[in-house]
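Have a look at the structure below before the remarks.
Just follow the structure's listing: the first ligand is 1, and inside any ligand the first atom is 1. Just the heavy atoms: all of them, side chains too, but no hydrogens, waters or symmetry mates, feed the values below.
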Amino acid sequence: MLSLVAFPIAAYLTSAAGQAVPYYNPRLTGGSMLTFQNEPINIIVSALSSPEALTDRGLVNYGNALGYGDDCLGIHLGGPQAANLGDGNSWVNQTQMMREDYGSTPIGTCLETLIGGNHYRVFRQNGTLANSGALFLAASKEDPITEQHNIVPDGYNVGRDQVVSEATSGVVSFSGVDYTTTVEWVTGLLPPGVEGEGNGINHNISIDGRTAVFTITASTVDSGINCKGSSLCGTLSVASCDAAKAKIVNTTIYRTDGDAPATGVCSGHCGLFVQGTNCRYDGYTMVEAYDEIRAGSCQKCGSKRYLDGCEITMNYVSSC
Ligand SMILES: *[C@@H]1O[C@H](CO)[C@@H](O)[C@H](O)[C@H]1NC(C)=O
Ligand SMILES: *[C@@H]1O[C@H](CO)[C@@H](O)[C@H](O)[C@H]1NC(C)=O
Ligand SMILES: *[C@@H]1O[C@H](CO)[C@@H](O)[C@H](O)[C@H]1NC(C)=O
Ligand SMILES: *[C@@H]1O[C@H](CO)[C@@H](O)[C@H](O)[C@H]1NC(C)=O
């Protein structure tokens with residue numbers, strides 16, 4: 001489905017007064033759909049998506065659900081790019097870089113640099129001149145590092161299309177959040193071909209000029225707390241459970257899938273861990289589950305259940 005979305009200036013002014021819009025066309029207010037480095041911004045996450053998909057944590061979690069990791073353990077490969085989204089903030093460096101995660105652990109994102117792969121940079125349109133809250137993504141597919149980390153032939157269209165196919169493959173989930181994505185294709189935002197906006201597209205790679213606009217619906221499948229646990233739960237000290245909680249790293253992925261599962265943390269005899277098949281949660285969610293289990297009627301042991309078969313559990317463990 002092709003459609004041209006253009007917001008007349010009147011609508012833009014009205015919307016700037018607080019009405020929700022999917023995004024503003026940066027080019028109407030002096031911005032660009034190309035990064036400063038002349039790479040196309042070829043995906044927009046509509047501001048009409050569920051709010052939790054648009055936060056910093058939400059955009060990483062959504063990327064995780066699509067199979068992307070938060071760059072390479074903080075080792076940023078290549079410099080950041082900048083975008084001017086016409087929102088009055090002028091050129092702003094990317095908020096996030098998400099890389100295809102081939103491996104079963106977060107370190108897998110580093111492998112992308114060896115074998116090539118897909119990635120996208122994220123920019124947020126939130127300046128006062130065009131404060132939509134939409135996310136603008138520049139997706140592309142790269143060659144292996146042995147080939148200078150360059151974009152592959154047709155790598156902008158190919159990179160975008162790969163993210164689109166991952167996003168629309170059905171319901172994807174991470175950290176107990178289910179995401180459904182619909183896509184609308186928009187022309188007229190990006191100039192097709194290799195001309196860019198006068199400076200030429202980076203690497204002289206032609207683009208088809210289409211932008212994929214995602215509307216993401218996020219829902220948390222939470223089937224509640226139970227207080228089940230070992231018969232030895234009564235012997236646990238709350239202090240040891242708190243000490244286990246303190247070991248959680250918010251940005252670490254605790255998981256039961258893959259070759260090297262890191263299912264959780266423990267201290268003394270208190271364990272806090274993920275249970276189920278192919279379950280993956282970030283540390284933030286582990287901490288929140290701990291707090292909810294403790295805030296509920298459970299004394300010490302208990303579980304928070306999310307997706308079918310996945311739960312975060314606090315229980316007595318024989319050894320740490
Ligand atoms: C943007 O990134 C460049 C390159 O790393 C850096 O020199 C510059 O200070 C950054 N700008 C801001 C505002 O952080
Ligand atoms: C706008 O988004 C940027 C990038 O995510 C963020 O650093 C900044 O705090 C946001 N500004 C406001 C006013 O929310
Ligand atoms: C850029 O690509 C166009 C066609 O895609 C080609 O005609 C032109 O020669 C290329 N320019 C350079 C500098 O490679
Ligand atoms: C870790 O995540 C929890 C839950 O969202 C939050 O309360 C806590 O402040 C975070 N800790 C750090 C160090 O950011």
Side-chain angles (χ1 to χ4, degrees), residues 16 18 23-24 26 31 35-36 38-41 44-45 47 49 51-64 70-71 74 80-98 120-138 150-158 174-177 190-196 198-209 220 222 242-254 264-265 272 281-295 304 306 312 314:
Y23 61 89
Y24 296 109
T35 65
F36 187 79
N38 288 309
E39 299 204 350
I41 295 170
I44 297 173
V45 177
S49 299
E52 59 266 51
L54 297 165
T55 61
D56 285 349
R57 183 175 153 193
L59 76 89
V60 171
N61 202 64
Y62 179 71
N64 289 161
D70 181 357
D71 214 332
Q81 295 201 5
N84 178 355
L85 299 177
D87 58 1
N89 287 344
S90 192
W91 296 99
V92 175
N93 284 348
Q94 68 206 33
T95 287
Q96 197 62 250
M97 162 74 114
M98 301 296 294
Y120 59 86
R121 303 165 191 278
V122 184
F123 306 91
R124 182 177 280 121
Q125 186 175 51
N126 67 352
T128 50
L129 201 55
N131 190 6
S132 66
L135 302 176
F136 285 64
L137 279 48
N150 277 337
I151 306 300
V152 301
D154 201 27
Y156 298 118
N157 295 333
V158 167
F174 205 87
S175 282
V177 186
L190 276 167
V194 294
E195 299 304 318
N199 296 322
I201 300 287
N202 198 12
H203 307 295
N204 199 39
I205 292 171
S206 183
I207 59 171
D208 63 14
T220 300
D222 174 358
D242 283 339
K245 173 193 172 186
K247 291 184 181 175
I248 294 169
V249 177
N250 280 347
T251 51
T252 293
I253 309 297
Y254 298 91
V265 292
L272 181 64
Y281 296 90
D282 59 26
Y284 298 100
T285 309
M286 298 279 283
V287 169
E288 285 161 6
Y290 176 89
D291 291 342
E292 285 180 52
I293 293 166
R294 290 291 308 282
K304 179 165 181 183
Y306 298 81
I312 295 174
M314 180 155 52

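Summary of contacts: the protein heavy atom closest to atom 7 (O) of ligand 4 is V287 CG1, 4.7 Å. Among all protein heavy atoms, the one lying closest to atom 5 (O) of ligand 3 is V194 CG1, 3.9 Å. Atom 14 (O) of ligand 3 has its closest protein heavy atom at N204 ND2, 3.1 Å. Looking only at protein heavy atoms, the nearest one to atom 4 (C) of ligand 2 is T95 OG1, 3.1 Å. For atom 12 (C) of ligand 4, the closest non-hydrogen atom of the protein is N250 ND2, 3.1 Å.
A donor-acceptor pair under 3.5 Å is absent between the side-chain atoms of S49 and the main chain of A53, judged by distance alone.
I207 places a side-chain heavy atom less than 4.5 Å from the side chain of L190. Between D87 and Y24 there is no side-chain heavy-atom pair separated by less than 4.5 Å. Using a 4.5 Å cut-off on side-chain heavy atoms (C-beta onward), D56 and Q96 make no contact. Side-chain atoms of L135 and F123, non-hydrogen and from C-beta on, never get closer than 4.5 Å to each other.
By the definition of a contact as any protein heavy atom under 4.0 Å away, atom 9 (O) of ligand 4 is not in contact. Protein heavy atoms are found inside the 4.0 Å sphere centred on atom 2 (O) of ligand 3.
When the options T128, V92, N126 are ranked by their closest heavy atom to atom 6 (C) of ligand 2, first place goes to N126.
The contact set between ligand 4 and R57, taken as ligand atoms under 4.0 Å from a residue heavy atom, comprises 5 (O). Close approach of ligand 2 to R124 is summarised as follows: ligand atoms under 4.0 Å from at least one heavy atom of the residue are 2 (O), 4 (C), 5 (O). Within the listing of ligand 4, atoms 4 (C), 5 (O) sit less than 4.0 angstrom from a heavy atom of E288.
With E288 as the fixed residue, the salt bridge (charged side-chain N to carboxylate O under 4.0 Å, His left out) test singles out one of K304, R57, R294: R57.
Taken from CD1 in I293 to NZ in K245, the straight-line distance is 11.5 Å, to the nearest 0.5 Å.
Under the 30°/60° scheme for interplanar angles, the aromatic rings of Y156 and H203 are found to lie parallel.
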